[in-house]
Engineer: 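Before I ask anything, let me first share the structure, which is written out below as structure tokens.
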Amino acid sequence: MKRMIVFIWLQVCTFSVFAQINTDRVIAIGRNALYFDDYILSIQYFNQVIRAKPWLAQPYFYRAIAKLSLDDYNGAEEDCTLALQQNPFLVQAFYVRGIARQSSGKYDLAIEDYMKGLEFRPKDRPMMTNTAIAYIQKKEFEKAKALFNELIESYPKDSKSYMARGAMYIETGDTLSAMNDYNKTIELDPYYAPAYGNRALLYYQTDKMDDAITDLNEAIRLNPREEGYYINRGLIRYNRNDLRGAMSDYDQVIAMNGNNLIARFNRGLLRSHIGDYNRAIEDFDIVIAMEPDNYMAYYNRALLHNQTGDFRSAVNDLDIIIDQYPNFTPAYYNRAEAKRRLNDISGADKDYWYAMELERTHGNVGQNNQPVIAATTVTPLSQASENPDKKPEEKKDTREESDKNISKFNNLVVYDKEEQQRSKYQSEIRGRVQDKNIRIDLQPQFVLTYYEKLDRIKESVYYNKTVENYNEHNTLGWKLIITNKEASLNEFQIEAHFTSINEYSSKIEKESNNADYYFGKGIDFMLVQDFAEAINNFDKAIEIDPSYILAYFNRAVVRYKQMEYEQSNTSQDELADAMSIQFNTSNTASRIPTQAIGNEHDNHSYTYEMILRDYNSVIQKDPSFIFAYFNRANLLCSQRDYKAAILGYNEAIRRDPEFAEAYFNRGLARLSQGDVKRGIADLSKAGELGIINAYNIIKRMAE
């Protein structure tokens, strides 16, 4: 990419000399990419501005946000420092650098940054919260408590402050105060899933299993994608001897994320417990493939290999265990048994007598001199399956993921303290720094592109005859897809599309009246977040071929993106209003404000009209193009014209009765009009079709 910079920017920015690039425009494009979570691409743009004008503070600051979002904490810290060298009054740079430092464990330096930021912005809630959390991480609980008390006094209705203070009380062992704070969090915000998740862990620790299950059920209803809730519920179900329920929870996690090693490991243990040895081995195979130093998995797999008669594999796994834990006597006993089955009598006797000698000289110990029990077969987790109705007398043994004590090989795994810290504090420390608003969004607009995010829950692929016919001719050399789950580009894709822009430019020089070349070039510019150039190229394609439906459609899409981004620059609050639904649960229709955002500024009003015309053109030329109805309805929602939007969603659903996103958005629009019954019915249908967030909203409306 670097070796192509000068040539690329001659094409992209249409400048003759690198030092003469329009830095304001390039920063704006970089912020486009940042706003739409395209972090790698945004960094490339900010790099160009920094090379051209290294004295500007803004590009360092925005690049820091991108690096922070990619977990490059050191890089983010360095960029914030550079930004502050150029502008020592850039308060947000102190905030972002504090986050970077805190995320990498530099708590004292993070606190310094937050304190400096608070000099400019006294009582700033995020900076005060992060400072308190940093004190917790330093184990300076009194300072943290004092700051949380100040926060709660300043923001008495802020549920997150109670939540974080409750987590602090857990750290200090004050479970009663922690419970009070979690209860207060839920009282203030009964739809905040982490509060139920944290309270469930507290119930579990205090042996209130039924209450823990109730809270985890609620947390899962509110946030069905959070894997940790299922893992913890599986653990509690196991403690209640509900092996089927525990297994179903681990199955659910693996269905959502096949790479979740805790769920794989725990399911392997449960499968071994019920005698499903071969499938248990499959789970441990995957754990070991993804985490080659997971010796607990090796040992459990060795026991299973012994159980299934694969003694050679058992010996191989036990060799690895003994190499890592040379004093772990059960491994020698099990290897002796496997060798005996392989007729290696000499090797078996050697292992057996060596294990006996270890017990005589060191005692029966494992890692860190922990006592262990010799195991020659698969060790059951419990006797629960023999009497599933019997309640356990005490909680069964578990271990944290970071606990590598081999003697705990057959304990179910829970998220360790580090992961729990993340679940308690990470949403406050991190989050989407450039957009901290929390709102219920419409399902986003559809776009013609080449890439799509994978959705493991909703796997439907939308078919459109016009798009398929276009792809059959292989006009662009890339397959177009219609999706509303756009994927960010990686470095190779970024380079490929910059190269493609140059190639289209060369083709256009030779054949200037080819609309496909301009359309393809427009998509490339759209993918690298240069909206102005994308629109210019779609304009040219339509000028050459006024019937070019796909160009009309994508031009409208890009203009909508441009309008959304411009609104985010004027006011985050305005953006939240424009791009989310305001609910009205009464039986009267909600009023549309006299000045919607599209009417507040002339340029927004003009953009709105241009987008509307493009979607109307698509629908006129191809009435079966259902995504134009959907996108047009989204546009109307952004102007709070919910009645007209509902008609648009109706048309999309009439043409495709399985159009999940249209049901979801129509449900939100109906709720905004006070039509609760039909709104919930639409959300229920959307949930049935795979949009699980719909159930969260249904739950809220039922309260």
Engineer: Are any of the side-chain nitrogens in Asp675 or Arg678 under 4.0 Å away from the carboxylate oxygens of its partner?
Structural biologist: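 So Asp675 pairs with Arg678 through a salt bridge.
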Engineer: Does the pair Gln58 and Thr23 meet the rule for a side chain to side chain contact (heavy atoms under 4.5 Å, CB included), with working shown?
Structural biologist: CA-CA 11 Å; Gln58 275 191 321; Thr23 52; over 6 Å; no
Engineer: Would Phe538 and Phe519 count as a ring-ring contact (aromatic ring centres under 6.0 Å, His included) here? Give the steps.
Structural biologist: CA-CA 6 Å; Phe538 292 141; Phe519 178 66; 5.7 Å; yes
Engineer: Take a 6.0 Å sphere around CZ of Arg655 and say whether it holds more than 12 heavy atoms from other residues, nucleotides or ligands.
Structural biologist: yes
Engineer: Is a side-chain donor or acceptor of Ser512 paired with a backbone partner of Ile508 at a separation under 3.5 angstrom?
Structural biologist: no
Engineer: Minimum heavy-atom separation for Arg670 to Gly679, with atom names?
Structural biologist: CB-CA, 3.9 Å
Engineer: Within a strict 4.5 Å, meaning less than it, do heavy atoms of the Asn536 and Lys540 side chains meet?
Structural biologist: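 They are not in contact (no side-chain heavy atoms under 4.5 Å apart), so the answer is no.
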Engineer: I'd like to know if the side chain of Tyr663 reaches the main chain of Pro657, judged simply by a donor and an acceptor atom lying under 3.5 Å from each other, with no hydrogens or angles considered.
Structural biologist: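 Between the backbone of Pro657 and the side chain of Tyr663 there is a qualifying donor-acceptor contact (under 3.5 Å).
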Engineer: Taking the side chain as every heavy atom from C-beta outward, state whether Tyr60 and Pro54 have any pair of such atoms under 4.5 Å apart.
Structural biologist: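 Tyr60 vs Pro54: side chains touch.
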Engineer: For Trp478 and Tyr450, take the angle between the two ring planes, folded into 0 to 90°, and tell me which bin it lands in: parallel under 30, tilted 30 to 60, perpendicular over 60.
Structural biologist: parallel
Engineer: Between Phe446 and Phe659, does the ring-ring contact (aromatic ring centres under 6.0 Å, His included) criterion hold? Intermediate values first, please.
Structural biologist: CA-CA 12 Å; Phe446 282 80; Phe659 199 162; 5.6 Å; yes
Engineer: Would a 4.5 Å heavy-atom cut-off, applied to side chains only, mark Cys637 and Tyr642 as touching?
Structural biologist: yes
Engineer: Going through the checks in order, is the side-chain hydrogen bond (donor to acceptor under 3.5 Å, both in side chains) test met by Tyr73 and Asp71?
Structural biologist: CA-CA 5 Å; Tyr73 305 131; Asp71 293 338; 3.2 Å; yes
Engineer: To check you understand the geometry: which heavy-atom pair defines the closest contact between Phe630 and Gln445, and what is its length?
Structural biologist: CE2-CA, 4.2 Å
Engineer: Please lay out, stage by stage, how Val528 and Phe498 fare under the test side chain to side chain contact (heavy atoms under 4.5 Å, CB included).
Structural biologist: CA-CA 8 Å; Val528 298; Phe498 276 128; 4.2 Å; yes
Engineer: Are the ring centres of Tyr649 and Tyr629 closer than 6.0 Å?
Structural biologist: no
Engineer: Is there a side-chain hydrogen bond (donor to acceptor under 3.5 Å, both in side chains) between Tyr548 and Asp516? Walk through the geometry before answering.
Structural biologist: CA-CA 9 Å; Tyr548 212 129; Asp516 291 326; 2.5 Å; yes
Engineer: Does any N or O in the side chain of Asn665 come within less than 3.5 Å of the main-chain N or O of Gln443, such that one atom is a donor and the other an acceptor?
Structural biologist: yes
Engineer: Can you name the nearest heavy-atom pair linking Ala83 to Leu90, along with the distance?
Structural biologist: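 For Ala83 and Leu90, the tightest heavy-atom pair comes out as CB-CD2, 4.2 Å.
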Engineer: Check for a donor-acceptor pair, side chain of Asn554 on one end and backbone N or O of Val557 on the other, with a separation under 3.5 Å.
Structural biologist: no
Engineer: Would you give the length of the straight line joining atom CE of Met127 to atom CZ of Phe94, rounded to the nearest 0.5 angstrom?
Structural biologist: 9.5 Å
Engineer: Give the intermediate values and the outcome of side chain to side chain contact (heavy atoms under 4.5 Å, CB included) for residues Tyr192 and Lys160.
Structural biologist: CA-CA 9 Å; Tyr192 187 48; Lys160 307 300 188 302; 3.4 Å; yes
Engineer: Step by step, work out the side-chain hydrogen bond (donor to acceptor under 3.5 Å, both in side chains) result for Tyr615 and Asn631.
Structural biologist: CA-CA 8 Å; Tyr615 286 135; Asn631 284 9; 3.1 Å; yes
Engineer: What is the distance from atom CG of Asp24 to atom CD1 of Ile27, rounded to the nearest 0.5 Å?
Structural biologist: 6.0 Å
Engineer: Does the side chain of Leu84 come within less than 4.5 Å of Phe61's, by heavy atoms?
Structural biologist: no
Engineer: Just so I know, are the side chains of Leu480 and Thr449 near enough to count as touching, which here means a heavy-atom distance under 4.5 Å?
Structural biologist: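 Heavy-atom side-chain distance check fails, nothing below 4.5 Å.
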Engineer: Over all heavy atoms of both residues, which pair between Gly520 and Leu476 is shortest? Give the atoms and the distance, please.
Structural biologist: CA-CD2, 3.8 Å
Engineer: Is the backbone N or O of Glu533 less than 3.5 Å from a side-chain atom of Asn537, with the two atoms forming a donor-acceptor pair by type?
Structural biologist: yes
Engineer: Using a 4.5 Å cut-off on heavy atoms from C-beta on, say whether the side chain of Met563 contacts that of Leu635.
Structural biologist: yes
Engineer: Looking at every heavy atom in both Ser547 and Tyr552, which two are closest together, and how far apart are they?
Structural biologist: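 In terms of heavy atoms, the two residues are closest at C-CE1, 4.5 Å.
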Engineer: I want to know whether Tyr504 and His497 have ring centres closer than 6.0 Å.
Structural biologist: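 Between His497 and Tyr504, which both carry aromatic rings, the centre distance is not below 6.0 Å.
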Engineer: State plainly whether the residues Glu661 and Lys485 are in salt-bridge range, i.e. N to O under 4.0 Å.
Structural biologist: yes
Engineer: Walk me through it: do Phe627 and Leu448 pass the test side chain to side chain contact (heavy atoms under 4.5 Å, CB included)?
Structural biologist: CA-CA 10 Å; Phe627 309 102; Leu448 288 163; over 6 Å; no
Engineer: Taking atom CE of Met610 and atom CZ of Arg555, what is their separation to the nearest 0.5 Å?
Structural biologist: 5.5 Å
Engineer: Nearest 0.5 Å, please: how far is OG1 in Thr129 from CG in Asp158?
Structural biologist: 6.5 Å
Engineer: Any donor-acceptor pair under 3.5 Å linking the side chain of Asn223 with the backbone of Ala193?
Structural biologist: no
Engineer: Can a donor-acceptor pair be found, under 3.5 Å and without considering hydrogens, that links the side chain of Tyr155 to the backbone of Lys123?
Structural biologist: yes
Engineer: Between atom CD1 of Ile619 and atom CD1 of Ile626, what is the distance when rounded to the nearest 0.5 Å?
Structural biologist: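 Going from the CD1 atom of Ile619 to the CD1 atom of Ile626 covers 11.0 Å.
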Engineer: Salt-bridged, Glu468 to Lys465, with N to O below 4.0 Å?
Structural biologist: no
Engineer: If we only count heavy atoms from C-beta on, is the Gln493 to Asn490 side-chain gap below 4.5 Å?
Structural biologist: yes
Engineer: Would Asp530 and Arg25 satisfy salt bridge (Lys or Arg N to Asp or Glu O under 4.0 Å), going step by step from the backbone distance to the final call?
Structural biologist: CA-CA 9 Å; Asp530 189 341; Arg25 179 169 178 269; 3.0 Å; yes
Engineer: Is there a donor-acceptor pair under 3.5 Å between the side chain of Ser505 and the backbone N or O of Ile501?
Structural biologist: yes
Engineer: Is there a donor-acceptor pair closer than 3.5 Å between any side-chain N or O of Ser506 and the backbone N or O of Asn502?
Structural biologist: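 Pair found, side chain donor or acceptor close to backbone of Asn502.
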Engineer: Could you give the distance from CD1 (Ile65) to SG (Cys80), rounded to the nearest 0.5 Å?
Structural biologist: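 Here the interatomic distance stands at 7.5 Å.
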Engineer: Between Leu671 and Leu683, is there a side-chain heavy-atom distance shorter than 4.5 Å?
Structural biologist: yes
Engineer: Charged N to carboxylate O under 4.0 angstrom, Glu564 versus Lys561?
Structural biologist: no
Engineer: Mark yes or no for whether Asp614, through its side chain, and Phe553, through its backbone, hold a donor-acceptor pair below 3.5 Å.
Structural biologist: no
Engineer: Minimum heavy-atom separation for Asp524 and Ser500, please, with both atom names.
Structural biologist: OD2-OG, 2.5 Å
